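Down below is the structure, laid out as structure tokens.
Chain letters run A, B, ... following the sequence lines, proteins first, then strands; residues in each count from 1. When reading the values below, keep in mind they use all heavy atoms of this one structure, side chains included, and skip hydrogens, waters and symmetry mates. Being a predicted model, the structure only gives us computed values, none of them experimental.
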Number of protein chains: 2
Amino acid sequence: MSQTVDRALSILPLLAQGPADLGQVAERLGVHKSTALRLLRTLHEHGLVYRQQDQRYRLGARLFALAQEAVENLDVREIAHPHLVELNDRCGHTVHLAVYEEQEVLYIDKVESRYPVRMYSRIGKPVAITVAAVAKLLLADLTEPERRAIAEKLDYPMYTSRSTPNAAAFLKELAVVREQGWATDLGGHEESINCIGAPIRGADGRVVAAMSVSAPNVVVTAEELLTLLPLVRRTAETISREYSGTNRPKKV
Amino acid sequence: MSQTVDRALSILPLLAQGPADLGQVAERLGVHKSTALRLLRTLHEHGLVYRQQDQRYRLGARLFALAQEAVENLDVREIAHPHLVELNDRCGHTVHLAVYEEQEVLYIDKVESRYPVRMYSRIGKPVAITVAAVAKLLLADLTEPERRAIAEKLDYPMYTSRSTPNAAAFLKELAVVREQGWATDLGGHEESINCIGAPIRGADGRVVAAMSVSAPNVVVTAEELLTLLPLVRRTAETISREYSGTNRPKKV
DNA sequence: ATGGGTGTTGCATATGATGCAACGTACTTC
DNA sequence: GAAGTACGTTGCATCATATGCAACACCCAT
């Protein structure tokens, strides 16, 4: 809606791919060098870009600080955290918390496994949306047309032979998840890793977040992991209750 | 330099403090509601702000993703990481990596302690600049006028009785650190936590990053921690060599 | 010295951001 | 249940402000 701001903000994802000099930025924005310079200067003043010694620009420090503060301001996260820790204490595996936002699912909290074998994931990192248990839970709660629209738009990368292959399979899976109130990812993202997850609901019953427990085959089999399901669901329900109680959304 | 972009970007730190509605944003920016609306819409399109159910705006998901990509693009971090892990394997304590940027020191990597007692810190979080060992290392490398200028501008919060009390003490401490080539923080940030740190240098000898090992008193005393100093310094030197070798800055 | 590459500045132009006022809609209050 | 209030939203006329241009400054390489 605002051309100038729009151009300025377009610089950020561009620099996320790696440092670039003034000329490159101007070219990729399709504007004159002097224009790019002024935009970069403004971004610089706000600490969003940084000028390294070779004069090239890259993303700046304040970006981290902002992301940091942002994640700390999420109420669900604050309420859920102690429960996630407790769950991790009991079962020892990696515990994740994720939310859905603007067509993306992303981790907002994580408690590391006590076992030496850990999975790679990181807070803020977008989730493999077509296979992750938390993603299924979050998407399953959308309305039917929304689910359909998103399923159509997604890519279905075959991380493993058990990855969700296409939109039809995904929609079917979402229906199952919606019905049963929990979800799994059995080797769909990484061959040797299984997850089970449960939804966290607000006062109105809508899913506001999802949590999951992940463990590699070498530690526990999928069957053994599934025995934790009641525990995971209970934890999710506890968090849901607490969230609904203390933090009642103003609307709907 | 660009008023429109400047205003738009000012919204981000404002929202970092917590969600706000259109009126609040407009008021705090000192612009008309309609102007604020357009700016927010543009930020929204880029995923930097998110509109929650109660219509209020808060920081958005893409911010995490950007910060994520940004941190992954830092060469020092990439090179240092395996060495930090190895150091952690050997001593078991929390290991931090930090850089200095635009008057701020911030953690860009962290390997968690193996001991149950962990310290609170997070990647992207600005460091307690007047007391942290890594901050002393990074600031000590600046030129004398730079150090003086920054020391004057800082606040000196007394986290504990052993925190750096004022600019004079800080400058003196920086001189010591500069001289000896390593730094400590003995209970200056949290009464029961000690740190020792060493600098990582580029090919030109300038300090590009700093690393530290932190441990609470209940695990090891300050004296015991200090016995790790040679190991920490060796690790820092190994990283420095590797960084200088593979990644020669184009200029200076 | 000379030339190409890059970043930077001042300036005239008109694009595009701004505030205004009016409208829509939801939630409150009497 | 009607009137009132608060908030977000839209179209529009005005002029502030972002833009591209051209000239300049600088660094490195030849």
Should the ring pair A/Tyr156 and A/Phe170 be called parallel, tilted or perpendicular, given that the plane angle runs from 0 to 90° and is split at 30 and 60? perpendicular
Rounded to whole Å, CG of A/Asp6 lies from P of D/dT17 at a distance of 20 Å
In whole angstroms, the gap separating P of D/dA6 from CG of B/Asp54 amounts to 19 Å
Here the distance between atom C1' of C/dG7 and atom NE2 of A/His44, to the nearest Å, is 15 Å
Taken to the nearest whole Å, CZ/B/Arg38 to P/D/dT10 is 11 Å
Q.
Does D/dA18 have OP1 or OP2 under 4.0 Å away from a side-chain N or O of A/Arg41?
A. no
To the nearest angstrom, the NE2-C1' distance between A/His32 and D/dA23 comes to 11 Å
Rounded to whole Å, CD of B/Gln3 lies from C1' of D/dT19 at a distance of 15 Å
When rounded to whole Å, the CD to C1' distance for the pair B/Glu27 and D/dA6 reads 14 Å
Under 4.0 Å, heavy atoms only, any strand: does B/Ser34 hit a base, just the sugar-phosphate, or nothing?
base
Phosphate OP1/OP2 of C/dT18: any B/Arg7 side-chain N/O under 4.0 Å: yes
C/dA17 OP1/OP2 closer than 4.0 Å to side-chain N/O of B/Thr4: no
Separation of D/dC7 atom C1' from B/Gln55 atom CD, nearest Å, is 8 Å
Taking for B/Lys33 and for B/Ala36 the nucleotide of DNA chain C with the nearest heavy atom, the one nearer the 5' end belongs to B/Ala36
Donor-acceptor pair, side chain of A/Arg77 and main chain of A/Ile108, under 3.5 angstrom: yes
Does B/Leu37 reach the side chain of B/Arg41, with side-chain heavy atoms less than 4.5 Å apart?
yes
Output for pair (A/Arg201 CZ, A/Tyr243 OH), nearest 0.5 Å, gives 13.5 Å
